[in-house]
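Keep in mind that what you see is a predicted model, and the values were worked out from it rather than measured. So you know, we letter chains A, B, ... as the sequences are listed, proteins then strands, and number each from 1.
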Amino acid sequence: MYWLKDGGRNRLNQPFYNSDLVRGNIDTIILCVLLQGDNYGYQLIKEIYRKSENRFELKEPTLYSSLRRLEKQNMIQSYWGEETQGGRRKYYHITEAGREMYRQNYAAWKAARDLIDRLIESGGEE
Amino acid sequence: MKELERFVEDLFANYRETREIQELKREILSNLEAKATDYIAEGIPYLEAVHRATRHMDTVDFLVEDHQPVYVNRYKTDLVQTALLYLLVGWILTIPIRMVSTGVWVNNLFTLAVALCTVAYFLLASKKDDHFRNAVSIIHPMKLAKRSKAAWVIWAMYVLMMTAYTAAIWFGSDLWFGRPISIDGPYQFAVAAVDFAAPFAAIVVPLLFQTAHRLASRYEVNV
């Protein structure tokens, strides 16, 4: 399955992306997935992996701390699912405050991205 | 998946079983199970799947809010009282070994500790006003548990080292001093026995660290 490949790394086994930049946006990334519908931990990791085209694998410690932070800030709410088979799962639901936070973070990111593009693009004089 | 259940139990071994911890355990376990099931569906052998599912989960310390408010002065008083009790027992037990010089030294140490502890206890116990009794402070049960474990390890190492040292002195006498040691009567035997037993008296130290951890939950502030 796509899920098993250790994708998104170059020959030096470094990720192709700047992981600090990604890490700073984990909360927004998770909110973005939850905008599509309620979800539980492992499925969030899978969905983010899929959306990144197998380039970014969110690790559990990062996931759980982000979920707890968001829940404490009331950006998301959790509830236990009603699975009949296997263990019950803890689902997360985005709140109105969460949607607003997502919109703001996305706008801020777009503005920063435009600015950085202007500042670091060499204009073909490489 | 028994392996995953055990894995999650081990992750949280240092934490008290609060509601928050139970929920975290259930959430983490259900996610790990889903992940392992995915791996197995890929055709990965069961144990390898379990191993891969758990590889990023090495600690949960960052998830648990381990700040516990306690009635700090009541806690301290109880701790000092327990310390006094241990020291008194140690003092009484070491009286008979005063007949040898090591014993005198150990027993005197206990006497001094008992005296200091008594003074501390009466100072704490004499303050009865509500302001003092209801003072609240934050402690970290996790740290206390770690310290208690460390104290036991250090004590065990100390006892091992001292026993080896005493054995080397006593039974290696022929080698070090060129003449064999002679245990030629009950007194000589007692001297040897006390040399071997004395380091064990330090057990009060790890016991007190353990008490510090155990008592913490008794003086928890219930909000």
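Taking CE of B:M57 as the start and OG1 of B:T54 as the end, the distance is 9.5 Å to the nearest 0.5 Å.
There is no side-chain donor-acceptor pair under 3.5 Å between B:Y71 and B:N134.
Within the 4.5 angstrom heavy-atom criterion, only side-chain atoms of B:L32, from C-beta onward, approach chain A.
Considering only heavy-atom pairs separated by less than 4.5 Å from chain A, the leading option among B:A34, B:S30, B:A41, B:G43 is B:A34. Between chain B and the residues A:S65, A:P61, A:S78, the largest count of heavy-atom pairs under 4.5 Å involves A:P61.
Although no hydrogens or angles enter the test, the distance criterion places a donor-acceptor pair under 3.5 Å between the side chain of B:T94 and the main chain of B:G90.
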| request: Could you walk me through whether B:T211 and B:Y86 pass side-chain contact (heavy atoms from CB on, under 4.5 Å), step by step? | output: CA-CA 11 Å; B:T211 311; B:Y86 289 159; 3.4 Å; yes
